[in-house]
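Below is one structure, written out as structure tokens, with a few remarks after it.
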Amino acid sequence: MVAEQPEWVQSLDRLHLLTPLRIVIVLVVAVVLSLVVRVVIRRLLTRTLGLGIPGVDPARNDARQKSLAGALRSMLVGVIWSIVVVVVVSELGVNIGAFVATATVIGGAVAFGAQQVVRDLLAGVYVLAEDQFGVGDVVDLGHVTGTVERITMRAARVRDAEGVLWTVPHGGVARVANMSKSGIASLELHVHRSMSLDDVTREAEALCTALEADTTAAPHLLGPGVVAGLTDLRDDRLVVRLTAPVTVTGRDTVRRVWRSLAHESFRSGRLQPPPTLP
């Protein structure tokens, strides 16, 4: 037995106001949910992405947050308002069965044709959420090596050493090498094979000390240089490698100062250069 509706509901029904009232309620609920989704996503990403934590670049995290928040917000709000359209059309007495069937077929066809785009977007979410690379980083994406100029949810724009701007979809990247995050400068000395390894090591340690004292390189050094030792033995030369912890942006500066110091050692005769190759 169906329960009798309250008098006020029956009055609204007689005045043909019940359907408009339901539609208004649905619209109000949808607006409220959309606002709640915006706030919840913003707060959730603020906590998960580490915004405000010391040592984290605020500008970079803010860009990540905006990109991810925009994608998630658009997706959830789209779902909410799709449901609203179905409910409102149903309230107006329209049979939505045929529309739903048609939309299902069209949606399946679009999804099949746009699977690469969906793959790029999902991969872009992981790139931003995990902070694999950001604007200004020097990266190797397999297809291209260069500086990242822009990141969207679908692709990254990378400018290589020759100035060519590449657009690389996230879904096509199998590996990412972020050279701006390594923080290690690899330095080498190529000397004549006749030199004593002890003499070369002693001079390399002296060059490390000079590197730390250099006013240009010192601000970019995060610790003392370490002589790794002999790393290559060739027909005409010895190759001694050193490593130095550096800031993200100071690797090239440290290498430039190191080459200058090494050049002075060769000029003074403390190191013997390898013979010139033909």
Side-chain angles (χ1 to χ4, degrees), residues 5-6 8-13 15-53 56-135 148 150-157 167 169-171:
Q5 293 180 334
W8 65 274
V9 176
Q10 297 179 15
S11 299
L12 289 174
D13 197 14
L15 295 173
H16 303 288
L17 296 177
L18 189 58
T19 297
L21 181 61
R22 288 174 178 168
I23 293 176
V24 170
I25 292 175
V26 170
L27 294 175
V28 171
V29 171
V31 171
V32 173
L33 285 177
S34 299
L35 295 176
V36 170
V37 163
R38 294 172 184 270
V39 175
V40 170
I41 289 178
R42 184 172 64 251
R43 292 185 178 180
L44 179 64
L45 293 180
T46 298
R47 294 182 179 180
T48 56
L49 297 184
L51 291 179
I53 297 178
V56 178
D57 185 1
R60 181 162 176 167
N61 266 334
D62 186 55
R64 293 166 57 203
Q65 184 199 31
K66 287 180 179 179
S67 299
L68 284 174
L72 295 175
R73 184 170 59 244
S74 299
M75 180 180 66
L76 294 178
V77 171
V79 171
I80 291 173
W81 285 98
S82 297
I83 296 174
V84 168
V85 170
V86 173
V87 172
V88 170
V89 171
S90 178
E91 284 293 332
L92 294 175
V94 178
N95 184 4
I96 63 173
F99 292 101
V100 172
T102 304
T104 302
V105 174
I106 295 176
V110 171
F112 180 79
Q115 56 182 329
Q116 182 60 48
V117 176
V118 175
R119 178 187 176 189
D120 295 339
L121 293 175
L122 290 177
V125 170
Y126 285 106
V127 167
L128 293 170
E130 297 174 358
D131 194 22
Q132 296 178 11
F133 56 88
V135 175
V148 180
R150 186 182 178 188
I151 299 178
T152 64
M153 291 299 299
R154 195 191 70 83
R157 294 185 180 178
T167 299
H170 295 306

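In this text the structure is predicted, and so the values were computed from the model without any measurement.
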Determine whether V39 and L35 satisfy the following criterion, side-chain contact (heavy atoms from CB on, under 4.5 Å), listing intermediate values before the conclusion. CA-CA 6 Å; V39 175; L35 295 176; 5.7 Å; no
Search all heavy atoms of [X] against all heavy atoms of [Y] and return the closest pair with its distance.
X: Q132; Y: Y126; answer: NE2-O, 3.9 Å
X: I151; Y: F133; answer: CD1-O, 3.5 Å
X: A155; Y: P169; answer: CB-CA, 3.8 Å

**Q.** Gap separating the OG1 atom of T167 from the CZ atom of R154, nearest 0.5 angstrom
**A.**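 Answer rounded to 0.5 Å: 7.5 Å.
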